S.K.: 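Here it is: the structure, laid out below.
Lettering of chains follows the sequences in order, A, B, ..., and the numbering in each one begins at 1. What you see is a predicted model, and the numbers here were worked out from it, not measured in a lab. The figures here come from the full heavy-atom set of this structure, side chains too, leaving out hydrogens, waters and symmetry mates.
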Protein chains: 2
Amino acid sequence: METSDTLNNRDKLLLAAIDLMAEKGYKGVSTKEIAAAAGVSEMTLFRNFGSKLNLLEAAVDRYHYSGEMQMIFNEKIVWDLRTDLLLIGQAYHEIMNRNRKMILIVLKDHELSGLRDKSQKHPRQLQEMLTNYFKTMQQQSKLIPTNAEAQAITFMWMNYGAFMSKLLSGESITSVTMQEFMESSIELFARALTP
Amino acid sequence: METSDTLNNRDKLLLAAIDLMAEKGYKGVSTKEIAAAAGVSEMTLFRNFGSKLNLLEAAVDRYHYSGEMQMIFNEKIVWDLRTDLLLIGQAYHEIMNRNRKMILIVLKDHELSGLRDKSQKHPRQLQEMLTNYFKTMQQQSKLIPTNAEAQAITFMWMNYGAFMSKLLSGESITSVTMQEFMESSIELFARALTP
DNA sequence: TTTAAATGTTAGTGATCACTAACAGCGAGA
DNA sequence: TCTCGCTGTTAGTGATCACTAACATTTAAA
C-alpha cells in the first residue's frame, strides 16, 4: 500500500480506505486495518471522520471524477465517425479506469447504493450525448438512418463490457489487447453505419 | 422470499442463502438471517452444512448452469450470420440470467474468487467457439476477412456489458429494450462483416 | 407402540466489529 | 516557556458474528 509520508493523516486514511475497500469490500475491511495501512492509530481515523461510513463518503467526494465527457462532446468532436468514436472510447476507458476503485467499492456492497449515483451518474449523460451525436451525423447524411439510441447504447455496452471484464477477471480472459479491441469495434461501427 | 413448503430443509436453506447473499453479499447476511428466511432454526443450518462457507459451496454446486453453449454450437448453427448470432446472443442472456444470483454473490466478495471459476468458466469456452465460428464463416466467404478473435470478443463484451448493466442498475439507464438492442447490434455485425 | 433420526429451543462460547473514554506525549506558534 | 491542537496508547464498551453443547420435541418408519 505504502501511502506516502508527505501526505497528512486525513489523506493517508482516505487512500488506504479506497485501496482496501476496493479489494475487500466495505464490510470486508475493518477500521483497524485501514488505520494500520495508513500508518496512523485507529483513534485518528475516528477523530477525523467520526465513522467508517463518513470515511467512505469523504473518499468518494474527494477522489472521483466526472464531467469530462461533456467537454469532449463540446470541444473535440470533428464529425468524422472513426475519429470521434476513438476519442470518445478512449476517454470513456480513461475515466472508468480512474474511477475503478470507487466502482469496485459500491459494486460490492448493496447498502452503499446511495453512493452509486455519485460514482455512476455519467452513463446516462453519456448516452444522451452519444445519441444526439448519432442523430446529427444521420442528418448530415454521414450515417445511414438507424435507431440512434440503440446504436448509442450498443457502443456504450460494448465498452462497458470490455471495461468490466478487465476489471473483474484481470486481463486473463482473452489475448486481444484493448488497442485491438478499440480498433476492431470502431471499424465495425464505421463499416456498418457509413453509407 | 417465501421458500416453498414442499422442499426439504436442505433445499430451503440453499435457496434462501442464494437469495440473501445475492442481495446483501456473503458477509452481509448472517446465518441467523438465512435460517429465518428458510423457516428453520439456525441449528439446522449448521447440522446440514457445518459452516456458512460450506452452505455457499453447496449452493453453487447445486444451482449453477453451464455447458449448454457447447450444444448450441454443435447442433443449432445454420451458418447464416444473423440467425446464428441471434441464437447465440439469446442463449447467452438466458444462461447469464439463470446464473444471475451466483454472479452477484461471487462479485461482491473477493475472498470467494475460488468459486468464481465455477460460475464463470464458460466465457473462455464461448470465446473460443465464437472465434472458430467467425473463422469458418470467413473461409466460406460469408464474412469479409477480419481479426476473428477481436470480433468474437467484441460480440461477447457487447452482450456482457448489456447484461451487467441491467444486472447492476436494474433496467433504469435506457429506454432501449433488450429486444431492440439485440436486433440493432446483430444488424451492426451483419452490415459490417458481410461482403 | 416403540424407536431413532431430524429438528427446535435455549443458552452460551470466543472472536471480531465499530466506536469511545481517559490520559500522555508531542511540536509549533505565542 | 507556556499552551493548544493533534496524535498515540490503552483499555474498554456493547453489539454482532459464526458456531457449539445439551436437552426437549416432533416425525415417521418399524
S.K.: Pick from B/Leu45, B/Leu13, B/Leu55: which one makes a side chain to side chain contact (heavy atoms under 4.5 Å, CB included) with B/Thr31?
M.R.: B/Leu45
S.K.: Write down the distance between CZ (A/Arg47) and P (C/dC26), rounded to a whole number of angstrom.
M.R.: 16 Å
S.K.: Which atom pairs link the protein and nucleotides 16-20 of chain D when you take only N or O atoms and keep those under 3.5 Å?
M.R.:
from   : atom 1 : to      : atom 2 : distance (Å)
D/dA18 : OP1    : B/Val29 : O      : 3.3
D/dA18 : OP1    : B/Lys52 : NZ     : 2.8
D/dA18 : OP2    : B/Thr31 : N      : 3.1
D/dA18 : OP2    : B/Thr31 : OG1    : 3.3
D/dC19 : OP2    : B/Lys52 : N      : 2.7

S.K.: Less than 4.0 angstrom from a charged side-chain N to a carboxylate O is my criterion; do B/Glu68 and B/Arg98 meet it?
M.R.: yes
S.K.: In whole Å, what is the span from the CG atom of B/Leu45 to the C1' atom of C/dG8?
M.R.: 14 Å
S.K.: Do the side chains of B/Lys101 and B/Glu23 get close enough for a salt bridge, i.e. N-O under 4.0 angstrom?
M.R.: no
S.K.: Output yes when A/Arg62 and A/Asp11 qualify as a salt bridge under the 4.0 Å nitrogen-oxygen rule, no when they do not.
M.R.: yes
S.K.: Taking only the side-chain nitrogens and oxygens of A/Asn48, find out if one of them lies under 4.0 Å from OP1 or OP2 of D/dT7.
M.R.: yes
S.K.: Considering just the side-chain nitrogens and oxygens of A/Thr44, establish if one lies under 4.0 Å of OP1 or OP2 belonging to D/dC6.
M.R.: no
S.K.: Rounded to the nearest Å, what distance is computed from the CG atom of residue B/Asn9 to the P atom of nucleotide D/dA28?
M.R.: 12 Å
S.K.: Could you tell me whether A/Trp157 and B/Phe163 have their ring centroids closer than 6.0 angstrom?
M.R.: no
S.K.: Can you check the B/Asn8 CG to C/dA6 C1' distance for me, whole Å?
M.R.: 12 Å
S.K.: Establish, yes or no, whether the cationic atom of A/Lys108 lies under 6.0 Å from the six-membered ring centre of A/Tyr26 and within 45° of the ring axis.
M.R.: no
